[in-house]
Amino acid sequence: MEPLKVLVAGPVGAGKTALAKSLLGEEALTTEAKASEDLGKETTTVALDFGTLAVGPYRVHLFGVPGQERFDFMWDVLAEGALGLLFLVAGDRPHHLPEARRMLDYFLSRHPVPYLVGVTRLDLGRAWTPGEVALYLRLPEERVMGLDARKREEAFRALARLVELALCTRQNLHRA
């Protein structure tokens with residue numbers, strides 16, 4: 001059985017690398033470098049995060065894309081052949097939501113795949129709830145969920161839900 005490719009995207013600081021590390025542990029391949037500008041964190045992904053893990057009987061190749069626009073040339077390269085998109089937004093950074101909307105629109109217009117939006121950093125400050133994020137992004141509430149990207153069980157639950165959604169969509173397309 002061929003591996004399933006899943007893309008993890010979102011603005012800077014949404015938790016993409018944290019999610020990859022929590023799911024993949026020491027097996028996570030990350031390309032972090034010292035941030036050259038004030039991003040609210042010391043390092044940033046400059047190419048990709050990558051790893052392979054099992055979700056039920058399926059082998060999943062997880063590709064995390066850089067969040068900075070200056071690395072957006074990697075977005076299409078990494079999205080090629082993806083079965084689904086796990087899009088992360090930081091609930092405590094509502095000022096990033098316009099950028100998140102642009103990024104999500106970009107990915108889904110060029111790569112129309114099943115998606116889930118994970119709202120991270122809900123434990124910090126005054127964070128927007130998944131319902132508020134869904135309303136702002138004009139998405140169905142069932143496509144938006146809260147998760148702590150640092151906790152493997154929460155990250156895995158989101159990934160498993162996306163894989164199930166993507167496989168159901170793929171089966172329905174094959175039936176049509």
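One is the number of the first residue; the rest follow in order along the sequence. The shown structure was predicted, so the numbers you read here are calculated from the model rather than taken from an experiment.
- Ala90 and Gly13 get closest at one heavy-atom pair: CB-O, 4.0 Å.
- Checking Arg102 against Tyr106 by side-chain atom types alone, no donor-acceptor pair falls below 3.5 Å.
- By the 6.0 Å contact criterion, CD on Glu154 is enclosed, its count of non-hydrogen atoms from other residues, nucleotides or ligands being greater than 12.
- The CE atom of Met145 sits 5.0 Å away from atom CZ of Arg161, with the distance rounded to the nearest 0.5 Å.
- The heavy-atom pair separating Ala149 from Ala155 by the smallest distance is O-CB, 4.3 Å.
- Distance CG/Leu24 to CZ/Phe50: 8.5 Å, rounded to 0.5 Å.
- Here Lys16 contributes atom NZ and Thr120 contributes atom OG1; the two are 9.0 Å apart, rounded to the nearest 0.5 Å.
- By the side-chain contact (heavy atoms from CB on, under 4.5 Å) test, Leu7 is found to be paired with Phe63, Val65, Leu78, Ala79, Ala82, Leu85, Phe107, residues two or more places apart in sequence or in another chain being considered.
- In terms of heavy atoms, Leu122 sits closest to Gly146 at CD1-CA, 3.7 Å.
- Considering only heavy atoms from C-beta on, Leu165 stays 4.5 Å or farther from Tyr115 through its side chain.
- Side-chain atoms of Val113 and Leu83, non-hydrogen and from C-beta on, never get closer than 4.5 Å to each other.
- Using a 4.0 Å cut-off between charged nitrogen and carboxylate oxygen, Arg126 and Glu132 count as a salt-bridge pair.
- Between Leu167 and Tyr58, the closest side-chain pair of non-hydrogen atoms falls below 4.5 Å.
- Scanning all heavy atoms of the two residues, the minimum distance from Pro130 to Val144 falls at O-CG1, 3.4 Å.
- Summarising the local packing, CZ of Arg150 is surrounded by 12 or fewer heavy atoms from other residues, nucleotides or ligands at distances under 6.0 Å.
- At most 12 heavy atoms of other shown residues, nucleotides or ligands fall within 6.0 angstrom of atom CD in Glu2.
- Counting heavy atoms from C-beta on, the side chains of Asp49 and Val8 never come closer than 4.5 Å.
- Under a hydrophobic-cluster definition in which Ile, Leu, Val, Met, Phe, Trp and Tyr are linked whenever side-chain heavy atoms come within less than 4.5 Å, directly or via other members, Val77 and Leu108 are assigned to different clusters.
- Nearest heavy atoms, Glu80 versus His111: N-CE1, 4.4 Å.
- Side-chain atoms of Val117 and Leu139, non-hydrogen and from C-beta on, do get closer than 4.5 Å to each other.
- Note: Leu159 CG to Arg152 CZ = 9.0 Å, rounded to the nearest 0.5 Å.
- In this structure, the side chains of Lys151 and Phe156 stay at 4.5 Å or more apart for every pair of heavy atoms.
- In this structure, Leu116 CG and Phe87 CZ are separated by 12.5 Å, a value rounded to the nearest 0.5 Å.
- Thr52 places a side-chain heavy atom less than 4.5 Å from the side chain of His61.
- The two atoms that bring Val89 and Ala100 nearest to each other are CG1-CB, 3.6 Å, heavy atoms only.
- With contacts defined as side-chain heavy-atom distances shorter than 4.5 Å, the pair Leu147/Val119 does not qualify.
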